[in-house]
Amino acid sequence: QVQLVESGGGLVQAGGSLRLSCAASGRTFSSYAMGWFRQAPGKEREFVAAISWIGGSTYYADSVKGRFTISRDNAKKMMYLQMNSLNVEDTAVYYCAAGGIVSRGQYQYDYWGQGTQVTVSS
C-alpha cells in the first residue's frame with residue numbers, strides 16, 4: 001500500500017501564491033512517477049502537472065504552464081506544487097497521484113491522495 005496525503009490548500013486572493021505538498025508513505029517513493037490533478041464541482045478531473053521518478057522530466061497543462069512548478073524530494077518522500085499568479089479558474093480540489101510511469105492521464109496512476117481544496121477569490 002502507498003498512502004498519499006496532500007496539504008497546503010486554502011483560500012487565496014487572485015494573483016497570490018500557494019504551495020501544495022504531498023507526503024508519501026508505505027513504499028519506496030522514488031520508484032514512482034508523480035502527478036497533480038484537479039477537479040472543480042460539476043467538472044471532469046483534469047491533469048495539472050507530472051514529474052518522472054528520477055525528477056529530471058516535468059510536464060504541465062497549458063493552462064498552468066509558466067505559473068505552476070512541480071518538484072519532488074525523494075529523500076523526504078515529498079512532492080510539491082508551487083502555484084503562482086493564481087486566478088479564479090484555478091479553484092478546485094487538488095489531488096496528488098503516484099504511478100509506474102509519468103502520464104497526463106489519470107488512469108495511469110495507481111495511488112491517490114484525499115485531495116485538498118484550493119479556492120481563489122477575485
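Note that the numbering runs from 1 along the sequence shown for the chain.
- Every ring-ring contact (aromatic ring centres under 6.0 Å, His included) that Y109 has, sequence neighbours left out, goes to F37.
- The distance from atom OG of S57 to atom CD1 of I51, rounded to the nearest 0.5 Å, is 8.5 Å.
- With sequence neighbours left out, S85 forms a side chain to side chain contact (heavy atoms under 4.5 Å, CB included) with R67.
- The side chain to side chain donor-acceptor pair (under 3.5 Å) check on N84 picks up S17, Q82, with sequence neighbours excluded.
- With hydrophobic clusters built from ILVMFWY side chains whose heavy atoms lie under 4.5 angstrom apart, M79 does not share a cluster with W112.
- Under the 4.5 Å side-chain heavy-atom criterion for grouping Ile, Leu, Val, Met, Phe, Trp and Tyr, V48 is connected to L18 within one hydrophobic cluster.
- Cluster membership check: L20 shares its hydrophobic cluster with L86, using side-chain heavy-atom separations under 4.5 Å among Ile, Leu, Val, Met, Phe, Trp and Tyr.
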Trace of the side-chain contact (heavy atoms from CB on, under 4.5 Å) decision for D90 with M83: CA-CA 9 Å; D90 295 316; M83 305 186 294; over 6 Å; no
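- One distance of note links SG of C22 with CD1 of I70; it measures 9.5 Å at 0.5 Å rounding.
- Residue A50 comes nearest to S103 through the heavy atom pair CB-O, 3.9 Å, listed as atom of the first residue, atom of the second, then distance.
- No donor-acceptor pair under 3.5 Å is formed between the side chain of N74 and the backbone N or O of K77.
- For I101, the CD1 atom sits in a loose shell: 12 or fewer heavy atoms of surrounding residues, nucleotides or ligands are nearer than 6.0 Å.
- Contact check for E6 versus Y95: side-chain heavy atoms found under the 4.5 Å cut-off.
- Taking the side chain as every heavy atom from C-beta outward, R38 and V93 never approach each other to under 4.5 Å.
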From CA spacing to verdict: side-chain contact (heavy atoms from CB on, under 4.5 Å), V5, Q114: CA-CA 6 Å; V5 180; Q114 83 288 349; 4.0 Å; yes
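- Linking ILVMFWY residues whenever their side-chain heavy atoms come closer than 4.5 Å, directly or via other members, places L81 and Y111 in the same cluster.
- Side-chain contact check for F47 versus Y59: some heavy-atom pair is nearer than 4.5 Å.
- Relative ring orientation between Y94 and F68 is described as tilted, the plane-to-plane angle lying within the 30° to 60° band.
- Cluster membership for V102 and W36, using ILVMFWY side-chain heavy atoms within less than 4.5 angstrom, is not shared.
- Within the model, atoms OG1 of T58 and CZ of R72 stand 12.0 Å from one another, a figure rounded to the nearest 0.5 Å.
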Check against side-chain contact (heavy atoms from CB on, under 4.5 Å), E89 and S63: CA-CA 9 Å; E89 289 70 40; S63 60; over 6 Å; no
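- Once rounded to the nearest 0.5 Å, the distance linking CD of Q3 with OG of S25 reads 4.5 Å.
- Here the side chains of S21 and M78 are in contact, with some heavy-atom distance below 4.5 Å.
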Trace of the side-chain contact (heavy atoms from CB on, under 4.5 Å) decision for M34 with L4: CA-CA 11 Å; M34 303 291 293; L4 303 173; 4.2 Å; yes
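- The minimum heavy-atom distance between A92 and A40, with the atom names listed, is CB-N, 3.9 Å.
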